[in-house]
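Scroll down for the structure; my scribbles are underneath it.
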Amino acid sequence: WIIIDHYALDYRWENAMRDKCHKMMCIDDLADRVHVCDLLLDQNLGRSEENYRKLIPTGTKLLLGPRYALLRNEFAEWRDASLNGRTQPQLRRLLVTMGGVDKGNVTEVILKTIDQSQLIDLERITVVLGPHAPWIDNVRKLASEMSAFVTILSSVNNMAELMVQCDLVIGAGGITTWERCSLGIPTVLISLAENQRFISREMGKAGAAILCDVQNVKLELEDILVVVSEPDCLRQLSWNASQITDGRGMQLVRQILCGS
């Protein structure tokens, strides 16, 4: 197998590599270019065969939806513990994770908004940023001045465990969306890039996340936090998210590859 995961590659590169492999798999999430592969994976919620009908050969097998999301094994392993701990939810522990870089410094805007809100029962805020995030020092300084207890983490290798320990995530789109769904994590979803907008819209339609516009975090987030502080809202978000994927997509895809 050759497995291709690259926005700049399409049928031209795939045709050129045809004699280098027995079979070819493409990973796509835009449905905007032609492929000539044997297997195509698009793990986005809301994708259908219609999206690819004119973009692939007749014999190509499609793996569509978050059921096939390629997640690390830890998310499936932590799923039961996470779901079992959400039967009587309360908003006490918050996780903020806007990607490793967060070049727009949305994390700082989120923390300032939380600090100005009336969430007096919030016990702990955990922030995850990459070690080279350009605004990490600003975020650390702000965290030290906040009334809530805030921990800043970077280079984490136990994200599933951190998610299980929180009651709500404020996070960006992308693959981490399916990580949260596999654990049934209630989420306020903020799209940071154009290729995250489709995911966000579909998550909103499914009632699996509450959407917040990245351009209006200051205006929208405080009201959203009031809504999600209600146990019924947290419970429903968790259930809806958990129905989207069980975190075992890697095993499913491996079985398909090895059985072909």
With a 3.5 Å distance limit and no angle check, can you tell me whether H6 reaches the backbone of A8 through a side-chain donor-acceptor pair?
yes
Return yes if a side-chain donor-acceptor contact under 3.5 Å exists between N195 and Y7, otherwise no.
yes
Donor-acceptor contact below 3.5 Å, side chain D102 vs main chain G99
no
Under 4.5 Å between side-chain heavy atoms, hopping through other hydrophobics if needed: is there a path connecting I56 to M25?
no
Any side-chain heavy-atom pair from P66 and Q43 closer than 4.5 angstrom?
no
Mind checking whether V127 and M98 have side chains closer than 4.5 Å, heavy atoms only?
no
K61 side, atom NZ; L41 side, atom CG - distance, nearest 0.5 Å
11.5 Å
Taking the side chain as C-beta and beyond, is there a heavy-atom pair between L39 and T60 under 4.5 Å?
no
Any residue meeting side chain to side chain donor-acceptor pair (under 3.5 Å) with R12, in chain and number order, not counting sequence neighbours
D10
State, yes or no, whether a side-chain contact exists between L55 and Y11 at a heavy-atom distance under 4.5 Å.
no
When you look at R248 and F75, which way does the side-chain contact (heavy atoms from CB on, under 4.5 Å) test go after all the steps?
CA-CA 8 Å; R248 293 177 171 83; F75 292 96; over 6 Å; no
Is there a continuous path of hydrophobic side-chain contacts, each under 4.5 Å between heavy atoms, that joins L30 to V34?
no
Work out which heavy atom in P131 is nearest to a heavy atom in S154; give both atom names and the distance.
N-CB, 3.8 Å
If only atom types and distance count, is the side chain of S229 paired as donor or acceptor with the main-chain N or O of V226 below 3.5 Å?
yes
If you round to the nearest 0.5 Å, how far is CD1 of I256 from CG of L252?
6.0 Å
Who are the salt bridge (Lys or Arg N to Asp or Glu O under 4.0 Å) partners of R197, not counting sequence neighbours?
E194
Search all heavy atoms of E222 against all heavy atoms of S117 and return the closest pair with its distance.
OE2-CA, 3.4 Å
Which value, rounded to the nearest 0.5 Å, describes the distance between L95 atom CG and C166 atom SG?
5.0 Å
How does the hydrophobic cluster around M17 look, that is, which other residues are in it when side-chain heavy atoms under 4.5 Å mark a link?
I2, I4, L9, W13, M24
Euclidean distance, N73 CG relative to Q251 CD, rounded to 0.5 Å:
5.0 Å
Verdict with reasoning, Q236 to D232, per side-chain hydrogen bond (donor to acceptor under 3.5 Å, both in side chains):
CA-CA 6 Å; Q236 192 63 57; D232 286 346; over 6 Å; no
Taking atom CG of L257 and atom CZ of R254, what is their separation to the nearest 0.5 Å?
9.5 Å
SB check K112 D115 (cutoff 4.0 Å):
no
Start with the C-alpha distance between E161 and W78, add both sets of side-chain angles, then the distance that settles side-chain contact (heavy atoms from CB on, under 4.5 Å), and finish with yes or no.
CA-CA 7 Å; E161 184 178 3; W78 279 96; 3.8 Å; yes
Main-chain N/O of V36 paired to E14 side chain as donor or acceptor, under 3.5 Å
yes
Identify, with sequence neighbours excluded, every residue that meets side chain to side chain donor-acceptor pair (under 3.5 Å) alongside S191.
S200
side-chain contact (heavy atoms from CB on, under 4.5 Å) assessment of L64 paired with Y52
CA-CA 10 Å; L64 301 179; Y52 284 100; 4.2 Å; yes
Minimum-distance pair of heavy atoms, taken over all atoms of G100 and A133:
O-CB, 3.5 Å
Could D246 and R67 be called an ion pair, given the rule that one side-chain N must be under 4.0 Å from one carboxylate O?
no
Atom pairs and distances, donor-acceptor, side-chain atoms in residues 176-190, under 3.5 Å, two or more places apart:
residue, atom, partner, partner atom, Å
T176, OG1, E179, OE1, 3.2
T177, OG1, G174, O, 3.0
R180, NE, T187, OG1, 3.3
R180, NH1, A172, O, 3.4
R180, NH2, A172, O, 2.8
S182, OG, E179, O, 2.6
T187, OG1, I185, O, 3.0

So do W1 and K23 actually touch side chain to side chain, heavy atoms under 4.5 Å?
yes
In the hydrophobic clustering that connects Ile, Leu, Val, Met, Phe, Trp and Tyr at side-chain heavy-atom distances below 4.5 Å, which members other than V101 occupy its cluster, ordered by chain and number?
none
Taking only Lys NZ, Arg NE, NH1 and NH2, and the carboxylate oxygens of Asp or Glu, determine whether K141 and E145 approach each other closer than 4.0 Å.
yes
Decide yes or no for L225 and I170: does some side-chain heavy atom of the first lie under 4.5 Å from some side-chain heavy atom of the second?
yes
Check: D29 and F198 side chains under 4.5 Å, non-hydrogen atoms
no
Sequence neighbours left out, what passes salt bridge (Lys or Arg N to Asp or Glu O under 4.0 Å) with E50? Give chain and number order.
R53
Do S242 and R79 have side chains that get closer than 4.5 Å, going by heavy atoms?
yes
Establish whether V128 and L111 are linked, either directly or via other cluster members, by ILVMFWY side-chain heavy-atom contacts under 4.5 Å.
no
Quick one: salt bridge (Lys or Arg N to Asp or Glu O under 4.0 Å) partners of D167, sequence neighbours excluded?
R93
What is the minimum heavy-atom distance between R86 and V164, and which atoms define it?
NH2-O, 3.3 Å
Nearest non-hydrogen partners of D28 and H35, listed with the distance
OD2-NE2, 3.1 Å
Would you kindly say whether S144 and R140 are connected by a side-chain donor-acceptor distance under 3.5 Å?
no
Run through V228, T126, I114 and flag the one making a side-chain contact (heavy atoms from CB on, under 4.5 Å) with L94.
I114
Shared hydrophobic cluster for I175 and I199 (ILVMFWY, side-chain gaps under 4.5 Å)
yes
Members other than W135 in its cluster, when Ile, Leu, Val, Met, Phe, Trp, Tyr link by side-chain heavy atoms under 4.5 Å?
none
Name the atoms and distances for all side-chain donor-acceptor pairs under 3.5 Å in residues 201-215, with sequence neighbours left out.
residue, atom, partner, partner atom, Å
E202, OE2, K205, NZ, 3.3
D213, OD1, Q215, N, 2.9
D213, OD2, N216, ND2, 3.2

Which residues share a salt bridge (Lys or Arg N to Asp or Glu O under 4.0 Å) with R47, sequence neighbours left out:
D42
Non-neighbouring partners of E230 that pass side chain to side chain donor-acceptor pair (under 3.5 Å), sequence neighbours left out
none
Applying the 4.5 Å side-chain criterion to the ILVMFWY set and letting contacts propagate, would V169 and I224 be lumped into a single cluster?
no
Rounded to the nearest 0.5 Å, what separates atom CZ in R92 from atom CG in L168?
14.0 Å
